[in-house]
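First comes the structure, then the notes that go with it.
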Amino acid sequence: MKNCLLWQASFRRLANGKPFWPAAWDISGDRPANFWGGWNDGDEDVALLDLARTRNIGIIAHIDAGKTTTTERVLFYTGKEHAIGEVHEGAATMDWMEQERERGITITSAATTCAWVDPLNSERYVVNIIDTPGHVDFTAEVERSLRVLDGAVAVFDGKEGVEAQSETVWRQANKYKVPRLAFINKMDKIGANFKKAVDSMVRRLNANPIPVQIPWGQETDLEGTIDLIEMRAVTFEGDKGVNRVHHEIPTSLKPEADEARAKMIEKLADFDEAIGELFLEEKQAQVTNEMIRKALRAGTLGFKCIPVFCGSALRDKGVQEVLDGVVWYLPSPTDIPPVDAFDPKDEAKEPRKLPADPEGALAVLAFKTATEQHGDLTYVRVYSGILKSGSGVYNPRTKKKERINRLLRMHSIKRENIDEAGAGDIVGVLGLNYTVTGDTLCDLDDPLALGAITFPETVIAMSIEPKTNADREKLAMALNKMAKDDPTFKIKLDAETQQTVISGMGELHLDIIRDRILREFKVDANVGQPRVAYRETVHVPGEIQTEGVHKKQTGGAGSYGHVKIRWSSLPEDEAHTNVFEDGIVGGAIPRQFIKSAEEGFRESCRTGGLAGYPLQGLKAELYDGSYHDVDSKDFAYKDAARLAYRELLDRVGTEVLEPMMKVEVRTPDQFTGNVIGDLNSRRSRIESTEKDEDITIITAVAPLSEMFGYVQAVRGLSQGRANYSMEPYRYEVCPPHVKEKIMAERGGARAGARR
């Protein structure tokens, strides 16, 4: 059946004679008295899943804003879990790793599926949820999750408003064009201020937030919410706030509610024609609730507004309202634009558009892998077609066939076998041997590619060595498994020191990896101190031409390669990469050898510049060369390109680049001077300071090398009252004295390795 999935479990359910409808509605017209969001028996099997009633959403936010706590309430209210796992007790369902439960943070994204009934029409919606990390060190988890999600719920701290990592995940959502709504959480927190939090969305995110609620009280006096559409007050009563009770808006809050509703209608009038006409005619009273919801949905899907909800997840207030917003305002798979499917044999060819259609061509994107004892678990999003358990698929990147051994409906680390998954579904797959993050799976007879997922470069590294030879193989296996699962975790062998070097996104990232190696994989290893992942670049004045000649004749078959390359520096917005251009005309070099020359260039850049660090920001144009009819070989042109590259470096030298971090410190006013002085001593640039009541928000750009152990420093400077966040910003040229120190240390390490 088109646009529907028929799950076998649904038929089992009907065959067992269990009810397929919600319980009788109570007289208030709200949720049924015994309603858990699913069906009466709490089972989450889904029948005749209409794509229009499917939501694929992510929960995104700054660390400690309450993402996982919100997700735990969602699972409880939808009947997926019958007890709430608290993050602070180390019992959150979605935080299943030992390190997550010990530290009270989310490290890896976790997926689950639940159901919710629209209170307006009693229709059941299936909601696939991915709970993402908030710490910047695990930003790759957010990146790959947003790549496959249709919508998102952005959670903000009611006191802090928009924080540093809030901006990061917001930019990621913008990058993938993900519609979203906002939940101002922790409105029971001392210092919570709903208006200030909403204003911070405008100021820091350049968003157009439209509150559809205002809080009924705040801080310790938080009672519930005021619904600005229905114009009624809502409290959350009973066990864990499961029962929503409606009230008349208190007289003392009526003027504020009327003003907030008028502002909501005024904002909607900016982009909704029907409401706009009534607003111009001063007939706001004729704007119906249905018109408001329709305008909010269109505005959300068109990136013109962000519906804003409020409450306290920890105090069980407001989460059900957010679930209503998910089904009312966020898109279904049929609402998002058709996905671009490229021809893997000719990526320059115009892509075809694939809508979410179970009867269309099979198009599946692998967005996450998790290595397990009995095989890899791969998380996939089905964009088109139907993926069946036991079927064969094709990976166009590896050009290999794969078999879908098992299809799984995921609930954190729990799983349920299913027979098939269709367009719009997010499921787990067991049995894929050659598929990694970003790969496409399709039919062998209809190959296509959905486009890879890009991740930021690593900024920090450390050495790791097994303590015994017996641990050597175990360590290699552990590192390879983690590198396959985590695209921002890199492994390489330092050619000079012969040390294994692992790199990641930050100190916490590497600390978690080190902990997993010792505890999860039980490998005894020596780990070095974290060190900065430097880069190098070349400042080419105008253009420089060099040539490389590889010519060997040993009496038998010889080898010959000759290239002439024109070099230039890339503009700043491209300086994080390297570019190779084919400028050969007239067949000076046969086509098959041009690719070899490019490989030689790129390998040379990875090997590094004069200090041995990877080089970036360089453009190479192969404009001339020569060949020999018999002796020309692929490897000869690779070596010729390498020789031309080395000649360039010898002529112009290199600059060492260091990773700069964007730092945001929130400190009580009386410690502002201490914090700024300390940041200045760390070679930081203070970008801005902003007053927020008795708190000063300091934004700075600082070199990563100066920020190791900053958490202890900032606590000492502020009597433990300041906090900070830090994320990669960009690479910048080191000052001369820093470069000299780095070069000296690098030279010493190389000399020691040679001895």
Side-chain angles (χ1 to χ4, degrees), residues 2-5 46 49-60 109 111 113 116 118 123 125-130 132 142-154 169-182 207-208 271 293-307 323 325-342 350-368 379-387 421-427 438 440-442 448-454:
K2 193 169 185 178
N3 289 343
C4 293
L5 279 177
V46 181
L49 173 59
D50 188 343
L51 281 179
R53 296 201 301 275
T54 299
R55 299 290 183 269
N56 294 317
I57 67 166
I59 312 294
I60 60 175
S109 55
T113 300
W116 189 247
D118 184 344
E123 288 187 345
Y125 287 74
V126 171
V127 184
N128 296 314
I129 301 174
I130 297 181
T132 65
V142 184
E143 188 86 21
R144 58 185 174 187
S145 297
L146 286 172
R147 170 66 172 81
V148 299
L149 292 171
D150 302 329
V153 176
V169 297
W170 198 267
R171 287 195 302 269
Q172 289 172 307
N174 287 340
K175 173 181 175 181
Y176 293 111
K177 295 181 171 57
V178 178
R180 68 219 78 146
L181 55 83
N208 181 27
F271 56 82
R293 290 193 180 96
K294 181 180 178 182
L296 282 167
R297 179 172 178 79
T300 303
L301 300 188
F303 304 98
K304 296 176 180 176
C305 71
I306 307 291
L323 278 166
V326 166
V327 302
W328 288 340
Y329 308 128
L330 292 183
S332 72
T334 58
D335 293 318
I336 63 172
V339 66
D340 287 337
F342 298 89
E350 188 72 19
R352 53 177 163 153
K353 304 292 183 180
L354 291 182
D357 182 0
E359 296 183 359
L362 181 64
V364 179
L365 182 68
F367 67 94
K368 176 178 170 135
Y379 291 80
V380 302
R381 162 72 188 262
V382 184
Y383 282 94
S384 176
I386 293 180
L387 188 64
D425 235 336
I426 295 175
V427 295
T440 301
L441 300 175
C442 57
L448 53 87
L450 297 177
I453 307 173
T454 58

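Numbering of residues begins at 1 and proceeds along the displayed sequence.
For the residue pair Asn174 and Arg180, a side-chain donor N or O sits within less than 3.5 Å of a side-chain acceptor on the partner.
Residues Pro333 and Asp425 are not in side-chain contact: their nearest non-hydrogen atoms beyond the backbone lie 4.5 Å or more apart. The side-chain heavy atoms of Pro338 and Leu354, taken from C-beta on, include no pair separated by under 4.5 Å.
The two residues Leu146 and Ala173 have their closest heavy-atom pair at CD1-N, 3.6 Å. Taking every heavy atom of both residues into account, Arg352 and Ala361 meet most closely at NH1-CB, 4.2 Å. Taking all atoms of both residues into account, the shortest heavy-atom contact from Ala111 to Tyr379 is CB-CE2, 4.1 Å. When all heavy atoms of Ala423 and Pro358 are compared, the pair lying nearest together is CB-N, 3.9 Å. Pairing each heavy atom of Gly151 with each of Pro331, the nearest pair is CA-CD, 4.3 Å. Looking at every heavy atom in both residues, Phe271 comes nearest to Ala295 through CE1-O, 3.5 Å.
Between the side chain of Asn208 and the main chain of Lys304, a donor-acceptor pair closer than 3.5 Å is present. Using a distance-only test at 3.5 Å, with no hydrogens or angles considered, a donor-acceptor pair links the side chain of Asn56 to the main chain of Gly424. A distance-only check finds a donor-acceptor pair linking the side chain of Arg55 to the backbone of Val327 [under 3.5 Å]. Without hydrogens or angle criteria, Ser384 side chain to Ala363 main chain gives no donor-acceptor distance under 3.5 Å.
Atom CG of Leu301 and atom OH of Tyr329 lie 11.5 Å apart (nearest 0.5 Å). Here the CG-CH2 distance, from Asp118 to Trp328, works out to 6.5 Å after rounding to the nearest 0.5 Å. Taking CD1 of Ile59 as the start and CD1 of Ile130 as the end, the distance is 10.5 Å to the nearest 0.5 Å. Interatomic distance, Lys177 NZ to Phe303 CZ, rounded to the nearest 0.5 Å: 7.5 Å. Annotation: the span from Thr113 atom OG1 to Ile426 atom CD1 amounts to 8.0 Å, rounded to 0.5 Å. To the nearest 0.5 Å, the span separating CG on Leu330 from OG1 on Thr300 amounts to 7.0 Å.
Annotation: cation-pi pair Arg381/Tyr383 present, NZ/CZ under 6.0 Å from the ring centroid and within 45° of its normal. Arg53 forms no cation-pi arrangement with Trp116, by the criterion of a distance under 6.0 Å to the ring centre and an angle within 45° of the ring axis.
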(request) Evaluate the side chain to side chain contact (heavy atoms under 4.5 Å, CB included) criterion for residues Tyr176 and Glu143: first the C-alpha distance (whole Å), next the side-chain angles of each, then the deciding distance (0.1 Å), finally the verdict. (result) CA-CA 9 Å; Tyr176 293 111; Glu143 188 86 21; 2.8 Å; yes
(request) With side chain to side chain contact (heavy atoms under 4.5 Å, CB included) as the test, would you mind laying out the steps for Arg147 and Phe367 before giving the verdict? (result) CA-CA 8 Å; Arg147 170 66 172 81; Phe367 67 94; 5.7 Å; no
(request) Might you work through the side chain to side chain contact (heavy atoms under 4.5 Å, CB included) test for Val380 and Leu387, ending with a clear yes or no? (result) CA-CA 10 Å; Val380 302; Leu387 188 64; 4.3 Å; yes
(message) I'd like to know whether Val148 forms a side chain to side chain contact (heavy atoms under 4.5 Å, CB included) with Leu365, so could you lay out the CA-CA distance, the side-chain angles of the two residues, the decisive distance to 0.1 Å, and finally the verdict.
(response) CA-CA 8 Å; Val148 299; Leu365 182 68; 3.9 Å; yes
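Evaluated for a side-chain contact (heavy atoms from CB on, under 4.5 Å) with Cys442, the options Leu450, Leu448, Val364 yield exactly one hit, Leu448.
For Lys353, the salt bridge (Lys or Arg N to Asp or Glu O under 4.0 Å) partners two or more places apart in sequence, or in a different chain, are Asp340.
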